[in-house]
Amino acid sequence: MEQTDLMTEALNLTFFGMGFVFLFLTLLVFVTKFMSIVIGKIKKNSIAVEKNHCCEAKSELNEETKFVIEQAIKMHRGA
Amino acid sequence: MEQTDLMTEALNLTFFGMGFVFLFLTLLVFVTKFMSIVIGKIKKNSIAVEKNHCCEAKSELNEETKFVIEQAIKMHRGA
Amino acid sequence: MEQTDLMTEALNLTFFGMGFVFLFLTLLVFVTKFMSIVIGKIKKNSIAVEKNHCCEAKSELNEETKFVIEQAIKMHRGA
Amino acid sequence: MEQLNILWSNTGLQQMAWGQGLMLAVGMLLLYLAIVKKFEPLLLLPIGFGAILANIPSAGIAEGSGILHIFYVVGIESGAFPLIIFMGVGALTDFGPLLANPKTLLLGAAAQFGIFATLLGAIGLTAIGIFDFSLTDAAAIGIIGGADGPTSIYVASKLAPDLLGAIAVASYSYMALVPLIQPPIMRLLTTEKERKIKMVQLREVSQTEKVIFPIMLLMLVALLLPDAAPLLGMFTFGNLMKESGVVDRLSDTTQNALINIVTIFLGLAVGSKLMADKFLQPETLGILVLGMVAFAIGTACGLLMAKLMNIFSKNKINPLIGSAGVSAVPMAARVSNKVGLEANPHNFLLMHAMGPNVAGVIGSAIAAGIMIQFLG
Amino acid sequence: MEQLNILWSNTGLQQMAWGQGLMLAVGMLLLYLAIVKKFEPLLLLPIGFGAILANIPSAGIAEGSGILHIFYVVGIESGAFPLIIFMGVGALTDFGPLLANPKTLLLGAAAQFGIFATLLGAIGLTAIGIFDFSLTDAAAIGIIGGADGPTSIYVASKLAPDLLGAIAVASYSYMALVPLIQPPIMRLLTTEKERKIKMVQLREVSQTEKVIFPIMLLMLVALLLPDAAPLLGMFTFGNLMKESGVVDRLSDTTQNALINIVTIFLGLAVGSKLMADKFLQPETLGILVLGMVAFAIGTACGLLMAKLMNIFSKNKINPLIGSAGVSAVPMAARVSNKVGLEANPHNFLLMHAMGPNVAGVIGSAIAAGIMIQFLG
Amino acid sequence: MEQLNILWSNTGLQQMAWGQGLMLAVGMLLLYLAIVKKFEPLLLLPIGFGAILANIPSAGIAEGSGILHIFYVVGIESGAFPLIIFMGVGALTDFGPLLANPKTLLLGAAAQFGIFATLLGAIGLTAIGIFDFSLTDAAAIGIIGGADGPTSIYVASKLAPDLLGAIAVASYSYMALVPLIQPPIMRLLTTEKERKIKMVQLREVSQTEKVIFPIMLLMLVALLLPDAAPLLGMFTFGNLMKESGVVDRLSDTTQNALINIVTIFLGLAVGSKLMADKFLQPETLGILVLGMVAFAIGTACGLLMAKLMNIFSKNKINPLIGSAGVSAVPMAARVSNKVGLEANPHNFLLMHAMGPNVAGVIGSAIAAGIMIQFLG
Ligand code: NA
Ligand code: NA
Ligand code: NA
């Protein structure tokens with residue numbers, strides 16, 4: 001009697017378990033595809049804008065900062 | 001009375017302790033020598049065999065695997 | 001009533017806190033300056049002495065040790 | 001004279017039970033497999049050495065305040081070590097191939113049937129009276145089929161701590177045996193023509209996708225299966241550190257010093273569970289047999305799922321990449337590649353197989369979450 | 001059917017309170033700030049991820065035997081993580097510029113007024129009934145103005161553990177916002193002429209001075225404020241390891257593997273304090289506002305102190321380096337340099353600003369010691 | 001006004017006992033030895049700093065929930081830190097020279113007489129009423145003569161925790177003093193002719209021997225002296241990781257990040273045992289004197305054993321390598337080499353001395369095991 005119950009429980013667990021694994025990963029397939037499509041669209045729209053905007057400014061700024069730091073260190077050492 | 005007992009115990013510990021240290025390390029000398037001799041003999045017998053066998057095959061396999069992986073990566077990147 | 005006490009305590013804490021922070025860091029200013037002066041004086045006196053003394057000897061010793069170790073390793077490998 | 005007696009009565013020789021002697025031999029065997037046969041040496045060397053230390057008679061290294069027992073309590077009972085390793089695995093994982101071809105996630109799903117088939121097998125063997133596994137034992141054994149060491153150890157520490165040693169050893173041993181276990185099954189279940197299928201080139205995946213994927217995966221876990229959140233949380237955290245590109249120094253340390261340190265202590269702590277009285281039980285034999293079965297069934301289901309998907313799909317997939325769905329990253333993907341090359345020496349499946357391979361990691365963590373939810 | 005119900009009733013969707021949903025969004029926001037805006041990503045990425053993990057419904061990762069709660073108890077409640085980070089910060093700190101110009105220590109002192117002003121503000125808001133902060137809460141909030149993450153976390157763990165999450169988030173966020181918060185205040189409180197002041201070249205500092213300074217600092221702490229000794233002790237220990245030059249392998253590991261490992265777990269553990277029921281309180285808003293005020297006042301006081309010192313001193317200092325006294329190393333020093341360059345493109349203030357910058361670290365540790373002594 | 005009083009009554013100045021002041025000076029002395037004299041700085045710098053932190057009046061860093069006390073409980077009371085260090089030492093040890101000339105193991109055995117002579121000395125001084133050492137105290141003190149820091153700390157933590165601070169300091173100090181302590185004894189006990197003995201070239205040792213040796217050593221320990229198994233187990237584990245060649249990433253981390261991290265915390269934790277009330281006892285003076293005696297006797301016995309072996313052996317060994325049997329790796333071997341070069345500038349003994357040098361590590365771990373077995 002008890003053994004049968006155990007077997008039933010195991011079968012239940014298998015049934016729900018495999019079902020859930022498939023459900024979850026199928027959902028993940030769709031969500032992933034959806035994400036890729038959305039990102040692809042956003043990218044296309046923003047590529048031109050972004051490239052001319054923030055990044056150049058930023059790298060300029062970084063170059064400047066780098067230069068300043070190097071100068072400062074040089075001056076400090078040269079003392 | 002108590003102090004003498006302590007001294008006796010200390011002497012006992014010294015006697016057994018040094019004895020055991022020597023016993024252990026002497027044993028280790030013999031076991032080590034025995035191991036070296038055994039390994040030396042096995043090595044001599046198997047060197048020729050081994051060299052022509054597993055190792056070449058293995059390195060070939062590794063070469064192959066390496067090549068495959070490199071190709072795969074190249075293809076993936078070239079996309 | 002209670003709120004006023006809280007405010008008084010907070011004011012007290014602020015008063016003593018800022019006071020202590022200034023006291024501590026002012027003290028640190030003086031102690032630091034004092035240290036720098038003392039070290040500067042000691043340095044001047046000892047620079048000539050030290051340079052001709054310990055350091056050369058030490059580096060010689062290190063050179064020697066290095067040579068010995070290298071030789072030993074060479075011999076060991078060359079076996 | 002009395003002192004000599006004490007010394008003698010305390011030597012290992014005097015006190016060694018036959019079981020401990022046998023376990024020392026088992027420890028040696030694991031060291032042999034690790035060092036000479038190169039079976040997952042990063043884990044099996046510390047586990048084997050831990051097993052030897054744990055079975056030194058009267059030393060008590062794996063009990064009470066013994067150091068291996070401390071490592072076990074601090075690192076495994078708390079769940080910390082397997083979770084940190086999983087974080088490191090995440091930091092070493094590239095979801096690119098999976099993102100380029102998301103439907104390979106289904107292969108990772110199918111291969112998890114090995115887990116549940118093994119669970120059924122264990123309960124079946126109990127029903128007919130050969131072994132005596134509880135449902136929690138059976139679940140922990142099943143996870144061996146997930147082919148992820150840290151997942152197995154994590155689940156076993158929650159559901160069946162007594163079996164942890166045997167489960168971990170089986171898990172890492174079979175992961176090492178993947179190149180032997182899988183190819184015959186792969187050849188049996190696929191036709192020559194199927195093995196020759198060339199797959200379309202994978203597209204390049206943007207960094208944005210790689211950054212969002214782990215967060216999205218975690219959100220899905222959070223919504224649907226919170227009990228898988230510790231495992232997949234740490235896994236996606238490691239991956240996010242790597243892909244975000246803003247915390248490279250944390251990511252580097254995770255992939256190197258941190259994962260190495262934790263691997264050493266995890267291995268030793270697992271070894272401490274290989275004490276004679278726990279390990280030398282008929283159950284261990286059952287675990288080893290069932291673990292092997294789990295691998296075989298998982299492999300088969302991955303292959304069959306790939307064939308099934310080909311019926312409904314236009315872009316055919318080579319069914320050989322299905323077997324990589326059991327995970328055992330990256331070994332199983334390499335096996336797919338190798339068997340593929342036998343059929344067509346110009347068909348490189350490695351990258352294609354990496355998709356189901358990492359999908360298998362996710363799949364078995366999900367399965368682990370289900371086990372913990374229902375039985376934990 | 002019943003099992004389906006269990007599964008459903010255990011999913012996060014079913015159990016999610018609105019608070020947890022909101023906190024997941026907060027976690028995402030922190031990840032966004034860390035990854036896209038590059039706001040102190042080393043801390044805000046783990047904190048944000050920890051916040052997400054902590055708020056996954058029914059997963060319990062930040063409670064009981066959940067892994068984040070374990071990290072919190074082991075690492076933060078004990079004080080170990082912030083102290084180890086502080087040791088690492090010490091090993092990364094160069095006291096050279098400070099030793100070359102010790103009077104800049106006073107700028108680091110003045111900037112601490114932000115801490116106490118905020119304390120007064122918090123108590124004031126309590127007095128007029130807007131919030132309900134105790135004196136210990138107010139002290140912990142004030143330390144945000146010290147602009148040192150580990151100091152804030154350490155003090156909050158001692159005085160106001162319930163507010164730790166909000167305090168840590170505010171602390172690191174505002175440190176990241178230093179380049180936005182400080183420049184307007186700096187321009188407002190200084191004249192163009194003051195901003196153009198060129199400072200005399202810093203002298204070179206001998207290694208002996210650098211070795212003796214941390215020991216001397218610790219001795220002063222030992223004599224005058226023992227409650228600051230854990231923080232400044234670990235800080236000076238790290239610095240001594242670096243400057244002594246005899247334990248380079250320890251110093252290197254401290255600056256790399258050790259600080260990285262601890263940063264990961266500190267971040268996750270702090271994130272565990274961002275649970276909905278604790279974080280979604282009106283107090284959090286108060287903390288965010290007060291933290292911002294603390295930064296602003298600290299910046300202003302540093303600047304004003306510099307101007308005051310110029311009245312009495314022959315060697316004029318550029319008041320712009322005063323704002324660096326809030327610490328936020330090295331961000332605040334870089335801001336001083338940048339605003340200085342705007343006034344005079346050949347005036348590099350970076351090295352000069354490093355003095356008050358590290359002085360600010362010492363200053364806020366002292367303030368922290370006072371808080372702990374009177375209220376701990 | 002009251003608050004000013006509290007502040008004053010809490011300052012260290014007010015509360016400092018003369019003992020704490022003295023201990024701060026001792027801490028400084030250790031830092032001086034570490035930094036200026038380069039005495040084992042990897043340990044003595046953290047120990048010295050720990051001593052200073054532990055003796056800051058009313059800070060309580062080494063008591064209760066103070067951070068150093070936490071480090072002590074977690075790392076030393078559990079045995080974890082010394083054992084992990086020993087694993088690291090194993091990963092840094094090359095048994096090659098020992099395997100090429102196994103009879104040098106006997107030199108490592110003879111040198112351990114220093115340990116037992118010191119034990120007798122400590123009990124003798126107790127018998128005549130000068131000190132009051134128990135047998136466990138005496139045993140822990142004796143291990144200083146083993147010249148292995150982690151072994152000393154491990155044994156002291158088991159047998160005489162109150163003396164741990166003094167024992168650790170003595171152990172590392174004398175290891176640093178080996179180049180001063182040993183040469184006079186070496187010159188006294190050997191003739192010029194003996195010092196000129198040239199030894200036969202060491203044979204090359206195969207990797208197989210190097211892999212099997214640690215396992216074999218552990219098996220012998222398991223059979224004969226289980227109480228030495230924790231120490232020698234971790235030691236041989238570290239060595240096996242290195243020599244097996246299959247887990248290089250674990251071995252590298254063990255030799256670098258891991259051993260460095262643990263060294264830092266071990267040092268601080270040992271320092272926490274240098275609190276005034278424990279350290280400023282007449283016993284400490286006894287420990288320092290006895291430790292020196294232990295070193296001297298160990299050195300002498302190693303030399304005499306070498307001379308004894310030359311009576312019975314065909315291949316003469318240079319007795320100068322006998323002194324390396326006290327271990328203090330690799331310092332003592334270098335001293336042998338140096339004194340040898342004085343007698344014959346073309347006689348390089350370094351490699352020959354490495355054999356007894358590592359034998360001394362094994363020997364003192366065995367002696368430690370005996371102490372723990374009889375007294376633990
Ligand atoms: Na898997
Ligand atoms: Na500050
Ligand atoms: Na020794």
Side-chain angles (χ1 to χ4, degrees), chain E residues 74-75 77-84 86-88 91 154 158 207-208 211-212 214-216 218-234 236-241 243-254 256-262 369-370 372-374, chain F residues 3 6-8 10-16 20-21 24 27-28 31-46 48-50 52-62 65-71 73-74 253 255-265 267-268 271:
Chain E
V74 168
E77 220 166 84
S78 72
F81 286 172
L83 290 176
I84 294 170
F86 224 52
M87 175 172 86
Y154 183 77
K158 300 275 171 208
Q207 202 215 344
T208 316
V211 169
I212 289 177
I215 302 174
M216 208 182 66
L218 180 63
M219 282 301 114
L220 220 53
V221 171
L223 293 178
L224 298 178
L225 189 67
D227 286 287
L231 273 174
L232 282 171
M234 293 304 274
T236 51
F237 176 55
N239 190 248
L240 184 63
M241 284 202 285
E243 299 296 357
S244 70
V246 292
V247 291
D248 286 345
R249 56 181 295 165
L250 302 187
S251 168
D252 287 348
T253 296
T254 305
N256 293 291
L258 181 55
I259 199 173
N260 291 343
I261 290 171
V262 175
I370 291 168
I372 291 170
Q373 177 168 317
F374 280 100
Chain F
Q3 226 143 348
I6 296 176
L7 192 67
W8 164 246
N10 278 326
T11 57
L13 266 177
Q14 159 76 8
Q15 300 209 346
M16 193 184 300
Q20 290 177 315
L24 291 181
M28 300 279 206
L31 291 184
Y32 172 81
L33 294 176
I35 297 172
V36 181
K37 294 290 174 192
K38 314 251 185 316
F39 273 26
E40 296 279 333
L42 292 174
L43 265 298
L44 287 188
L45 191 144
F49 210 94
I52 292 176
L53 291 178
N55 287 285
I56 293 179
S58 88
I61 301 180
S65 63
I67 193 73
L68 291 196
H69 189 242
I70 292 177
F71 291 161
V73 171
V74 168
T253 297
Q255 292 173 34
N256 294 291
L258 181 55
I259 200 174
N260 291 343
I261 291 171
V262 176
T263 299
I264 292 169
F265 294 113
L268 289 174

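Quick note: numbers below take in every heavy atom, side chains included, and nothing from hydrogens, waters or symmetry partners. Chain letters run A, B, ... following the sequence lines, proteins first and then strands; every chain starts at 1.
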Distance (rounded to the nearest 0.5 Å) between E/Met219 CE and F/Leu24 CG: 5.0 Å
If you take all heavy atoms of E/Pro226 and F/Ala59, which pair is closest and at what distance? O-CB, 3.6 Å
Apply side chain to side chain contact (heavy atoms under 4.5 Å, CB included) to E/Arg249 and F/Thr263, showing your working. CA-CA 10 Å; E/Arg249 56 181 295 165; F/Thr263 299; over 6 Å; no
Before giving the answer on side chain to side chain contact (heavy atoms under 4.5 Å, CB included), spell out for E/Leu218 and F/Ile56 the whole-Å C-alpha distance, their side-chain angles and the decisive distance to 0.1 Å. CA-CA 9 Å; E/Leu218 180 63; F/Ile56 293 179; 4.1 Å; yes
Heavy-atom closest contact (F/Ile67 atom, E/Gly79 atom, distance): CD1-C, 4.1 Å
Between F/Ile70 and chain E, with a heavy-atom cut-off of 4.5 Å, which part of the residue counts as in contact: side chain, backbone, both or neither? side chain
Quick one: of E/Asp252, E/Val246, E/Ile84, E/Thr254, who has the most non-hydrogen atom pairs under 4.5 Å with chain F? E/Val246
Chain E heavy atoms under 4.5 Å from F/Leu53: which part of the residue, side chain, backbone, both or neither? side chain
Closest approach of F/Ile61 to E/Pro230 (non-hydrogen atoms, all atoms of both residues): CD1-N, 3.9 Å
What's the spacing between E/Lys158 NZ and F/Ser65 OG if we round to 0.5 Å? 5.5 Å
Might you point out which heavy atoms bring F/Ala257 and E/Thr253 nearest each other, and give the distance in Å? O-CG2, 3.8 Å
F/Phe71 side, atom CZ; E/Leu83 side, atom CG - distance, nearest 0.5 Å: 7.0 Å
Using non-hydrogen atoms and a 4.5 Å limit, figure out which bit of F/Leu42 sits close to chain E: side chain, backbone, both or neither. both
In Å, rounded to the nearest 0.5 Å, how long is the span from OH of F/Tyr32 to CD1 of E/Ile215? 12.5 Å
Which one wins on heavy-atom pair count under 4.5 Å against chain E: F/Val74, F/Asn256, F/Ile35? F/Ile35
If one checks every heavy atom of F/Leu68 against chain E at 4.5 Å, the contacting part turns out to be neither
Is E/Leu250 close to chain F through its backbone or its side chain, or both, or neither, when contacts mean heavy atoms under 4.5 Å? both
